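In what follows, chains are A, B, ... by sequence order, proteins preceding strands, each numbered from 1. Please read all numbers here as calculations on a predicted model, not as lab measurements.
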2 protein chains.
Amino acid sequence: MHDILFDFISKYISLTEDEKNVILSFNLFRAVKKGTILLKEGQYSKDSYFVLKGCIRTYYITDGEEKTTAFYTEMEALTPPCVVTQTPSEYYVTCIEDTILTVSNADMEAEVNSKFPKFDTMCKMLSEELLAKERIDFNEFKISSPEQRYLNLLEKRPDLIQRVPQHQLASFLGIKPQSLSRLRGRILEKKS
Amino acid sequence: MHDILFDFISKYISLTEDEKNVILSFNLFRAVKKGTILLKEGQYSKDSYFVLKGCIRTYYITDGEEKTTAFYTEMEALTPPCVVTQTPSEYYVTCIEDTILTVSNADMEAEVNSKFPKFDTMCKMLSEELLAKERIDFNEFKISSPEQRYLNLLEKRPDLIQRVPQHQLASFLGIKPQSLSRLRGRILEKKS
DNA sequence: TTAACTCATTCACTTTAGTTAAGAAATACG
DNA sequence: CGTATTTCTTAACTAAAGTGAATGAGTTAA
């Protein structure tokens, strides 16, 4: 399990055995059951997550209705905005599968960085990369119709369509579950 | 003009006069005429932009049609994804007003960082903050209708609605210019 | 095992966005 | 200055998404 984390880190910086041990000393790994809520609306939090196995999901509740906005799966990291802004969270984070993840926080990050400053450099590279990716995803979302978004997802993240319930997928695509059903029917008709 | 940049930087780290001079030695400031294209589709680039005054805009061209996805105004920074991924750019960057900005690149960043490593720390903080902001914006976009998006923009970025042409604003909101016109008419009717 | 829920699909209907076209207003340019 | 071009608005029509309700499948819990 540790290897997955260190393989990931090695994409950015190289670590000595000593440095790896510093990181392991924090006991970051957690096994979390499906359905567990990691963060609730209104809560303050300092925790960042990195998914080793499984899937976590972020959602808002407006007018009593869940609105799913994102999924994070293997090798993906989430630092909820409330951690950065130090304000109460506007959304929920939950596990939609039994999940293994690391939970870290700013204090731990500061301590690691004081021991080997290249850790900050890795964080910089990672968040620049994630920002670029997020902006591309946002742009593609804006310039696409719901149908194009679905087809795009089918191509780029076919796993998500398998492992995620339809109604969560729908709101992730910015539409209602009924519209997703209909849209899929439309696509099937076109093919035939 | 320099003060705007240093005021911005001071939100993250404090700089000595010597350090400021290192940054100034790079001659980063550019005055750019309205309509100038800073980056074209297909180009490789290493340049990041920070807007001191004016407004820059990113857009795709698909089926011969411009699709505007973002605006960056005073005190906002853009590192195009192609800079991070080192691939040809998928979109254009242009100035929609006479604009004053700084143009920096990874080489310059590395040199500054070798002289005072806290520069990396600032970049980390900045991109973490921008990532959190981008994700919130994306989430809000997903859970809102075009009309809600427009009303939201009216509240949060009223300046954009004034300074940006309607047809660019429309695609920024994920709809066609005709739909934006109609939608605005609808809102006016409701008020009366 | 049955009863209660949740989830996905379908349908009819309403609302809104896309499309095409036309004209008015604003802007750019010779 | 007037002409050309671009931009914005309006309108009629089409296509797609939202809404509310019904159904059936699958799951959970008593």
Integer-rounded Å distance: [N] [atom2] and [X] [atom1]:
{"X": "B/R149", "N": "C/dT16", "atom1": "CZ", "atom2": "C1'", "answer": "12 Å"}
{"X": "A/E189", "N": "C/dT10", "atom1": "CD", "atom2": "C1'", "answer": "13 Å"}
{"X": "B/L188", "N": "D/dT10", "atom1": "CG", "atom2": "C1'", "answer": "14 Å"}
{"X": "B/L183", "N": "D/dA17", "atom1": "CG", "atom2": "C1'", "answer": "15 Å"}
{"X": "B/K142", "N": "D/dA17", "atom1": "NZ", "atom2": "C1'", "answer": "18 Å"}
{"X": "A/L173", "N": "D/dG18", "atom1": "CG", "atom2": "P", "answer": "11 Å"}
{"X": "A/D63", "N": "D/dT19", "atom1": "CG", "atom2": "C1'", "answer": "14 Å"}
{"X": "B/R186", "N": "D/dT9", "atom1": "CZ", "atom2": "P", "answer": "14 Å"}

query: Between the side chain of A/S181 and the main-chain N/O of A/Q178, is any donor-acceptor distance below 3.5 Å?
result: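 No, the answer is negative, given that no donor and acceptor are paired below the 3.5 Å cut-off.
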message: Check whether B/E74 reaches the backbone of B/G54 with its side chain - one donor and one acceptor, N or O, closer than 3.5 Å.
response: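 Answer holds: yes.
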message: So which atom in A/S89 and which in A/K40 form the shortest heavy-atom distance, rounded to 0.1 Å?
response: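 Result for this residue pair: CB-O, 3.6 Å.
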Among B/R149, B/R135, B/K156, the one residue meeting salt bridge (charged side-chain N to carboxylate O under 4.0 Å, His left out) with B/E140: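 Option passing the salt bridge (charged side-chain N to carboxylate O under 4.0 Å, His left out) with B/E140: B/K156.
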message: Would A/K46 and A/Y44 count as a cation-pi pair here, with the cationic atom under 6.0 angstrom from the ring centre and within 45° of the axis?
response: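 No cation-pi geometry.
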field: Listed nucleotide nearest any side-chain atom of B/I175, set C/dA8, C/dA17, D/dT7
entry: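 For B/I175, the side-chain atoms sit closest to C/dA17.
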task: Please tell me which of the listed nucleotides, D/dG18, D/dC8, C/dT9, lies nearest to the side chain of A/S181?
output: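 Among the listed nucleotides, the one closest to the side chain of A/S181 is C/dT9.
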query: For B/Y60 and A/N139, what are the C-alpha separation, side-chain angles and deciding distance, and is it a side chain to side chain donor-acceptor pair (under 3.5 Å)?
result: CA-CA 9 Å; B/Y60 293 72; A/N139 289 348; 3.1 Å; yes
Filtered N/O pairs between nucleotides 26-30 of chain C and protein, under 3.5 Å:
none

query: Would a hydrophobic clustering, with Ile, Leu, Val, Met, Phe, Trp and Tyr connected at side-chain separations under 4.5 Å, put B/Y49 with B/L24?
result: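 No, B/Y49 does not connect to B/L24 through the hydrophobic network.
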field: Residue from A/T68, A/T69, A/T94 passing side chain to side chain donor-acceptor pair (under 3.5 Å) with A/R57
entry: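 One option only clears the test, and that one is A/T68.
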Give every pair of a protein N or O atom and an N or O atom of nucleotides 19-23 of chain C that lie under 3.5 Å apart, one pair per line with the distance.
residue : atom : partner : partner atom : Å
C/dT20  : O4   : B/Q178  : NE2          : 3.4

query: How about A/K20: does its NZ atom have over 12 heavy atoms from other parts shown lying under 6.0 Å from it?
result: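 It does: A/K20 NZ has more than 12 such atoms within range.
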Just the table, please: protein N/O against nucleotides 22-25 of chain D N/O, every pair under 3.5 Å.
none

- request: Indicate yes or no: does A/E129 engage A/K11 in a salt bridge with an N to O separation below 4.0 Å.
  value: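 Salt bridge flag = no for A/K11 with A/E129.
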- request: May I ask you to verify if any side-chain N or O of A/H167 is less than 4.0 angstrom from the OP1 or OP2 atom of C/dT6?
  value: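 No.
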message: Show, in sequence, the C-alpha distance, side-chain angles and deciding distance for B/F116 and B/D18, and conclude whether the side-chain contact (heavy atoms from CB on, under 4.5 Å) test is met.
response: CA-CA 10 Å; B/F116 44 106; B/D18 280 353; over 6 Å; no
